Amino acid sequence: MSGESNFSLASWKGSTEGKEENQRDNERQAVTGWDATVFTDGVISISSQVEDSSTNGAGLMIPKGGKPVDKDVELTLTINTGHKQFTRKAVVRWVDNSQGEMRFGVQYVDHAQLTPETHQLNVGEIRVDPACALKIPAGIAVRRKILPFLDINGVIHVACADVQNITILNSIERMLKAPICSWAVDAKKLDKVLKEVYGNAANQAPALASPKKPKKEEESGNEAVDLAEDLLYMAFIRQASDIHVDPHFKGARIRFRVDGQLETFQEIKADIYVELASRLKVISGLDIAEKRAPQDGRFTYSFTGSVQRVDIRAATLPTKYGERITMRLLGAQNDSLTLTKLGFIEHHQYMIEQFLNRIQGMMVLTGPTGSGKTTTLYAAMTKLLRERQVNIMTVEDPIEYEISGAAQCEVDANSDKINFNSALRSILRHDPDVVMVGEIRDKETADIAIKAALTGHMVLSTLHTNSAVATITRLIDMGVAPYLVAAALRVVIAQRLLRRLCEHCRIARPLTEMEALAIDRADLVGTLIFEPTGCVYCANKGFKGRIGLYEVLELRTEWARAVSDGASESELLKMMQEAGINSLLEDAVAKMLLGDTSYSEVMQVASSW
């Protein structure tokens, strides 16, 4: 990916001429504790302080002796507010050297130049905010081919098949009670997205979309049903992985986890929370009378107009102000899982595919909860089922995806009838070719899995460690003999997930010396990297989706010999470095240089070392 910016100062000036300025946006407020790093041509960075800020620009001060900045110069600046950091392209509008220090004002510019006048929106790539989409009735949206999908600073962005129809746009603006920004989109693509968002619910009136009038007591049950369904529906549209309902003194806060980050969705009152909690417990198969003990449940949900079913795991926990409810959304059917889509580089994918061509041996994936280990295992099993006639049997806690053609067994956490050990012993009597163990938790499970790998079975499993080499020492610490680990273990994959930069609005800047030293790559000072900005495609977040980081260790003859001889983790790590095997951090840096992720995301990996 090219690091060159497509931004042109001349074209930007031309596009802004004749436009009325929003005076409210230009009102700057004094700030304290903010600092900025300024990047200009020929200078990697200049440290400065931010004195005032607005939506459209900022006032900065460079201490005496600092490098000067000229008027009308195009620059890039990264501002740190103390609790967040953002990067913008800007133009210097005024400079004042009268008091010794250099003070100057900058105006932010749209480097992506995504405007309705010059850009046709690819509606299939946008992230729809359900709170915006459900502000108008589904029937009107589908019939008039219009989709409100994002709210930026009080302006509702709307995808429309006919932007020339002023009558429809004015009608939608009155309905939304907010100014709108209309984007031209392809009608066929819009039809597809409208079906995904609204389905066949032409007369839907979501409970969370707009305030409701007081209802009679006998109607409160129906309101709770609507509320729960709307919450699940909105999380599904937002592509959330988790829903958090967290009670507090005045009610409850509802949050979604999107791309690994929690987003506050809505605050609800205490009486609504009580109804919502009861409804969610009913559909999860939980005891609504039990409020003093944690409970776990599960249900499958099919959304109106969508062919996809979603498995939802629910858990409750008694807290001071009520039961905290957390739900995880899992795709019940996922036939699109492939190794290629998970972000493996060509060499790593080749190593995994070579292992999958074997008939025996063990592959272990390692990483923290939520790092995508199970998804990678499912992608491997899907590949095996497509290419070979194999008997795949799994033991999981819980089953996260349904894999057609595999026999999947779920551990029963509420009884001792089915656990990893008993299920694994039974599976080995069913003539399996491939055995997938959801997680190796103890010595007994590890022993059975290792012996299965040594007796003609392919074993796939996961473990919680920080790196690939730590997996080897963890198995030995569990009590597995080193020679058995050396004989059975063939591939170890450590992985993490980082947010992927939106390719439409990412902004280039040089890597500073301090940043390069922090990741132990002094040779990269001045190299162009990318930072998030925010646009209509990524819901103004700067990130869209996630990308996998991988550390793949293949235990060949010399490695097996070292493990069998009892090599320590530090010795194995040295061997890994001498062999030129990329660590998680090195893979993260490589993806940063390609423009796939940002420096702040890479630092999450670096800080774990």
Side-chain angles (χ1 to χ4, degrees), residues 311 330-367 372-411 420 423-440 445-446 448-463 468 471 484-495 548 550 552-557 559-560:
D311 270 357
L330 306 165
Q333 299 161 310
N334 204 321
D335 299 327
S336 62
L337 285 175
T338 64
L339 293 172
T340 305
K341 291 182 180 179
L342 297 181
F344 285 103
I345 62 173
E346 187 176 347
H347 177 59
H348 286 168
Q349 186 169 332
Y350 174 77
M351 292 166 66
I352 296 169
E353 290 175 347
Q354 286 295 99
F355 169 81
L356 296 177
N357 288 331
R358 303 167 62 98
I359 59 171
Q360 71 176 59
M362 186 174 185
M363 180 172 76
V364 175
L365 280 89
T366 182
K373 303 184 298 296
T374 307
T375 302
T376 303
L377 286 183
Y378 280 134
M381 289 190 291
T382 301
K383 177 178 174 60
L384 287 169
L385 287 167
R386 286 174 178 167
E387 297 180 359
R388 293 162 56 182
Q389 290 291 331
V390 289
N391 178 20
I392 297 181
M393 305 192 74
T394 77
V395 52
E396 307 171 58
D397 180 22
I399 296 171
E400 295 193 16
Y401 301 102
E402 288 181 10
I403 301 293
S404 178
Q408 295 173 271
C409 172
E410 183 167 289
V411 170
F420 277 107
L424 197 48
R425 287 196 192 93
S426 179
I427 281 174
L428 294 177
R429 302 188 191 105
H430 287 265
D431 186 32
D433 297 301
V434 180
V435 178
M436 194 276 267
V437 184
E439 183 183 348
I440 296 175
T445 306
I448 299 172
I450 290 283
K451 288 171 183 175
L454 292 173
T455 54
H457 304 91
M458 178 185 292
V459 178
L460 310 174
S461 190
T462 72
L463 200 62
T471 301
L484 290 177
V485 175
L489 193 60
R490 297 275 67 89
V491 175
V492 183
I493 305 171
Q495 69 178 80
Y550 302 97
V552 182
L553 176 60
E554 187 177 19
L555 274 74
R556 296 186 177 180
T557 307
W559 279 88

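No experiment lies behind these values; they were computed from the predicted model shown. Position 1 is the first residue of the sequence; numbering continues from there. Below, each value reflects all heavy atoms present in this structure, side chains not excepted, and no hydrogens, waters or symmetry copies.
- Residue Ala560 comes nearest to Arg490 through the heavy atom pair CB-NH2, 4.2 Å, listed as atom of the first residue, atom of the second, then distance.
- Rounding to the nearest 0.5 Å places CD of Glu410 at 5.0 Å from CD1 of Ile399.
- Ring orientation note: the planes of Tyr550 and Phe344 are close to parallel, at an angle under 30° on the 30°/60° scale.
- Side chains of Met363 and Ile352 form a contact here, defined as non-hydrogen atoms less than 4.5 Å apart.
- Between His457 and Leu428, the closest side-chain pair of non-hydrogen atoms falls below 4.5 Å.
- Atom CG of Leu489 and atom CG of Leu454 lie 10.5 Å apart (nearest 0.5 Å).
- Atom-to-atom distance recorded for Leu356:CG and Gln349:CD is 10.0 Å, nearest 0.5 angstrom.
- Looking only at side-chain heavy atoms (C-beta outward), Thr394 and Met381 come within less than 4.5 Å of each other.
- Checked by atom type and distance alone, the side chain of Glu400 never pairs as donor or acceptor with a backbone atom of Leu330 at under 3.5 Å.
- Taking a 6.0 Å sphere around NE2 of His430, one finds it holds more than 12 heavy atoms contributed by other residues, nucleotides or ligands.
- Taking 4.5 Å as the limit, some side-chain heavy atom of Ile392 sits within range of a side-chain heavy atom of Leu384.
- Taking CD of Glu554 as the start and NE2 of His348 as the end, the distance is 10.5 Å to the nearest 0.5 Å.
- The shortest side-chain heavy-atom distance between Gln408 and Ile403 falls under the 4.5 Å cut-off.
- In this structure, the side chain of Glu396 does not engage the main chain of Met436 through any donor-acceptor pair within 3.5 Å.
- A distance-only check finds no donor-acceptor pair linking the side chain of Thr366 to the backbone of Ala468 [under 3.5 Å].
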- Task: Begin from the C-alpha positions of Met351 and Ile493 and carry the test side-chain contact (heavy atoms from CB on, under 4.5 Å) through to its verdict.
- Result: CA-CA 10 Å; Met351 292 166 66; Ile493 305 171; over 6 Å; no

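- No side-chain heavy atom of Val437 sits under 4.5 Å from any side-chain heavy atom of Met362.
- The nearest pair of heavy atoms linking Phe355 to Val459 is CZ-O, 4.4 Å.
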- Item | Criterion side-chain contact (heavy atoms from CB on, under 4.5 Å) on Thr462 and Glu439, from CA distance to verdict | CA-CA 5 Å; Thr462 72; Glu439 183 183 348; 3.7 Å; yes

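- Residue pairs meeting the salt bridge (charged side-chain N to carboxylate O under 4.0 Å, His left out) criterion with at least one member in residues 350-361, sequence neighbours excluded: Glu353-Lys383.
- A side-chain contact (heavy atoms from CB on, under 4.5 Å) with Val492 is found for exactly one of Thr471, Val552, Leu365, namely Thr471.
- Phe420 has its side chain out of reach of Ile440: every pair of non-hydrogen atoms, C-beta onward, lies at least 4.5 Å apart.
- In Ile359, the CD1 atom is not crowded: 12 or fewer heavy atoms of neighbouring residues, nucleotides or ligands sit closer than 6.0 Å.
- Residue Ile450 holds its CD1 atom at 7.0 Å from CG of Leu484, rounded to the nearest 0.5 Å.
- Of the possible polar contacts, none joining the Asn391 side chain to the Asp433 backbone as a donor-acceptor pair under 3.5 Å is found.
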